[in-house]
*Asks:* 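Quick one: structure below, then a few questions.
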Amino acid sequence: MTVLVNPTALSDHKARDFKMLIDGKWVTGASDPIERIAPSHGVVVSRFPAGSRKDAERAIAAARKAFDEGRWPRMTASERSAILLKAADLIAARAEELAFLDAIEAGKPITQVRGEIAGSVDIWRYAAALARDLHGESYNTLGDGTLGVVLREAIGVVSIITPWNFPFLIVGQKLPFALAAGCTTVVKPSELTSGSTLVLGEILQQAGIPNGVVNIVTGTGPEVGAVMTSHPDVDMVSFTGSTGVGKLTMTNAAQTLKKVSLELGGKNPQIVFPDADLDAFIDAAVFGAYFNAGECCNAGSRLILHKSIASDVVRRVAELSKGVKVGDPLDPSTQVGAIITPQHLEKISGYVAGARSSGARVAHGGETIDLGMGQFMSPTILEAVTPDMAVAREEVFGPVLSVLTFETTAEAVRIANSIEYGLSAGVWSRDFDTCLTIGRSVRAGTVWMNTFMDGASELPFGGYKQSGLGRELGRHAVEDYTETKTLNMHIGKRTGWWMPQTEKPV
């Protein structure tokens with residue numbers, strides 16, 4: 001039986017009222033605010049302004065002016081780096097406040113969020129270091145009459161749109177790198193989980209970010225996001241979310257041929273061979289499937305097991321799943337928190353029901369959990385899943401693990417690559433040749449070998465196929481927010497033009 005942690009009352013918590021940040025000023029919306037009900041406790045915990053099209057346009061205008069006329073793009077890299085480092089220190093100082101906001105607004109376990117905030121601090125410091133490493137190129141090999149220089153310049157105004165599942169971590173994978181390059185920004189967090197991003201606005205002001213460089217507009221995608229992705233004064237869009245909304249983002253951006261960076265969905269396989277260290281894998285399987293309640297684009301939601309070990313592995317994963325603690329995100333022992341909305345819980349349950357009706361069997365869980373408040377889903381394992389089932393092809397975005405089997409390496413690769421996503425994958429084998437074969441054959445942006453869901457600021461992250469465009473993090477992350485400009489310089493007397501020229505007498 002999965003261990004349940006009943007939610008504590010939030011009766012002593014007063015809902016926090018937030019404002020938007022536009023051109024250095026904190027403003028309210030013109031209409032009634034958006035009330036966020038904690039998915040774990042069923043009470044209002046935050047209120048965000050319902051930003052409008054006009055709010056988005058004002059924010060874009062402020063960012064445009066700050067880029068075209070302001071000092072941020074014209075600062076030295078060391079000056080920008082110093083501000084980013086100060087921001088990192090201030091994030092660390094307010095880590096508990098930020099973690100609490102993400103826990104109650106997103107239903108995330110508090111212990112997990114504390115780790116995410118610490119990871120974000122590291123990312124901000126890494127971006128600060130990259131700010132000073134950004135450079136161009138020179139070519140002194142083009143002949144005596146030519147010198148070539150390639151400049152890297154900030155791309156301009158960047159719209160940053162982030163999802164609800166990792167509210168603070170994902171804005172940290174985008175914003176500091178855009179700032180390090182010298183860009184100005186308009187940020188739209190999810191209307192469900194805007195609190196920590198708005199606190200980040202306070203932190204950046206305190207760190208010394210000039211007015212208009214970072215603007216934060218809260219509200220819905222149709223009202224605010226549509227403007228941010230289509231407005232002609234925006235030069236680039238960086239979006240994380242569902243593949244469907246990512247496609248809409250591309251359509252909007254195409255109107256003015258903006259640069260687009262997309263980190264989208266995933267249906268990530270873990271391929272397990274008979275010679276694998278199964279003790280290590282079983283733990284990784286449970287972690288990969290249930291981390292963040294499975295509401296994670298990187299979740300290891302497909303187990304592709306060799307037939308000779310499938311029954312034993314499923315039994316062991318189910319046994320370990322019984323000890324997973326589900327419940328109150330504010331309890332430090334909780335491992336799986338609440339599902340983001342009642343509607344999303346219904347969607348997850350629908351996938352499980354559909355799989356069962358198609359012939360899959362529930363090896364563990366499969367039910368919603370009633371803890372007296374909020375919405376929770378039991379960690380679930382579905383076996384006898386076939387590659388054609390929706391639960392094996394589509395992103396459930398919940399704590400649901402689908403188990404498929406294979407007999408040959410070629411079949412495992414074929415199953416792994418048979419879907420439209422290609423974000424990440426894992427392979428488990430003591431044979432390095434096997435791991436490398438899978439690593440080179442599976443079409444995914446990250447392939448873990450004998451581990452799963454590890455990461456570091458230095459390692460690029462992004463997907464193949466419909467899992468997105470571009471990469472975040474890594475040593476080239478700042479370059480993604482730049483344009484290159486070639487300066488082709490002539491030296492000395494010009495000769496060789498196609499029109500003959502007559503020398504003038506001296």
Side-chain angles (χ1 to χ4, degrees), residues 51-68 73 152-164 170-171 173-175 177-179 181-191 214-266 297 394-395 419-423 443-445 460-473 476-486:
S52 65
R53 180 183 184 88
K54 288 185 177 180
D55 293 319
E57 290 172 343
R58 286 170 51 218
I60 292 169
R64 183 80 265 166
K65 184 176 180 181
F67 185 80
D68 292 342
R152 279 204 172 272
E153 299 182 340
I155 197 169
V157 176
V158 181
S159 287
I160 295 175
I161 300 176
T162 59
W164 47 259
I170 289 180
V171 74
Q173 293 179 182
K174 302 174 184 289
L175 181 57
F177 299 100
L179 295 175
C183 296
T184 59
T185 61
V186 180
V187 180
K188 191 197 92 64
S190 167
E191 65 272 22
V214 176
N215 304 274
I216 303 172
V217 183
T218 54
T220 65
E223 188 70 18
V224 175
V227 181
M228 291 173 58
T229 54
S230 62
H231 199 285
D233 282 343
V234 172
D235 300 293
M236 176 179 173
V237 178
S238 180
F239 169 85
T240 295
S242 70
T243 295
V245 179
K247 292 177 180 179
L248 179 60
T249 298
M250 282 194 72
T251 299
N252 289 343
Q255 299 175 37
T256 50
L257 293 179
K258 305 181 193 307
K259 183 176 182 179
V260 177
S261 174
L262 302 173
E263 196 274 285
L264 306 175
C297 58
E394 300 174 13
E395 191 174 37
I419 62 171
E420 64 186 20
Y421 298 113
L423 188 57
R443 292 182 55 77
F461 176 70
Y464 283 37
K465 300 188 283 187
Q466 294 193 38
S467 286
L469 297 172
R471 295 292 182 269
E472 296 180 340
L473 303 178
H476 300 295
V478 174
E479 294 179 6
D480 289 343
Y481 295 94
T482 66
E483 292 273 25
T484 56
K485 176 186 288 183
T486 297

*Asks:* What I'd like to find out is whether the side chain of Leu262 reaches to under 4.5 Å of the side chain of Thr249, using heavy atoms alone.
*Replies:* yes

*Asks:* Among residues at least two apart in sequence or on other chains, which ones pass side chain to side chain donor-acceptor pair (under 3.5 Å) with Asn252?
*Replies:* Thr229

*Asks:* Any heavy-atom pair between the side chains of Val224 and Asp55 that's under 4.5 Å?
*Replies:*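 Heavy-atom side-chain distance check fails, nothing below 4.5 Å.
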
*Asks:* For Arg443, what residues pass the side chain to side chain donor-acceptor pair (under 3.5 Å) criterion, not counting sequence neighbours?
*Replies:* none

*Asks:* Checking Gln173 now: which residues fulfil side chain to side chain donor-acceptor pair (under 3.5 Å) with it, not counting sequence neighbours?
*Replies:* Glu472

*Asks:* Go through the structure and list residues passing side chain to side chain contact (heavy atoms under 4.5 Å, CB included) with Ala253, not counting sequence neighbours.
*Replies:*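 With sequence neighbours excluded, Ala253 shows a side chain to side chain contact (heavy atoms under 4.5 Å, CB included) to Lys258, Val260, given in chain and number order.
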
*Asks:* Who are the side chain to side chain contact (heavy atoms under 4.5 Å, CB included) partners of Arg152, not counting sequence neighbours?
*Replies:* Leu134, Glu479, Thr482, Thr484

*Asks:* Just list the side-chain donor-acceptor pairs under 3.5 Å for residues 237-248, sequence neighbours left out, or say none.
*Replies:*
unit_1	atom_1	unit_2	atom_2	d
Ser238	OG	Lys174	NZ	3.0
Thr240	OG1	Lys174	NZ	2.8
Ser242	OG	Val245	N	3.2
Thr243	OG1	Gly265	N	3.4
Thr243	OG1	Gln466	O	2.9
Lys247	NZ	Gln466	OE1	2.9

*Asks:* Run the salt bridge (Lys or Arg N to Asp or Glu O under 4.0 Å) test against Glu394 and tell me which residues pass, sequence neighbours left out.
*Replies:*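 In terms of salt bridge (Lys or Arg N to Asp or Glu O under 4.0 Å), with neighbours along the sequence ignored, Glu394 is linked to no residue.
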
*Asks:* Going by salt bridge (Lys or Arg N to Asp or Glu O under 4.0 Å), name the pairs with one or both residues in residues 222-241, residues two or more places apart or in two chains.
*Replies:* Arg64-Asp235

*Asks:* Please enumerate all residues that pass side chain to side chain contact (heavy atoms under 4.5 Å, CB included) together with Ala66, with sequence neighbours excluded.
*Replies:*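 So Ala66 forms a side chain to side chain contact (heavy atoms under 4.5 Å, CB included) with Thr184, Val213.
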
*Asks:* Quick one: side chain to side chain contact (heavy atoms under 4.5 Å, CB included) partners of Glu153, sequence neighbours excluded?
*Replies:*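 Result, side chain to side chain contact (heavy atoms under 4.5 Å, CB included) vs Glu153: Leu151, Lys485.
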
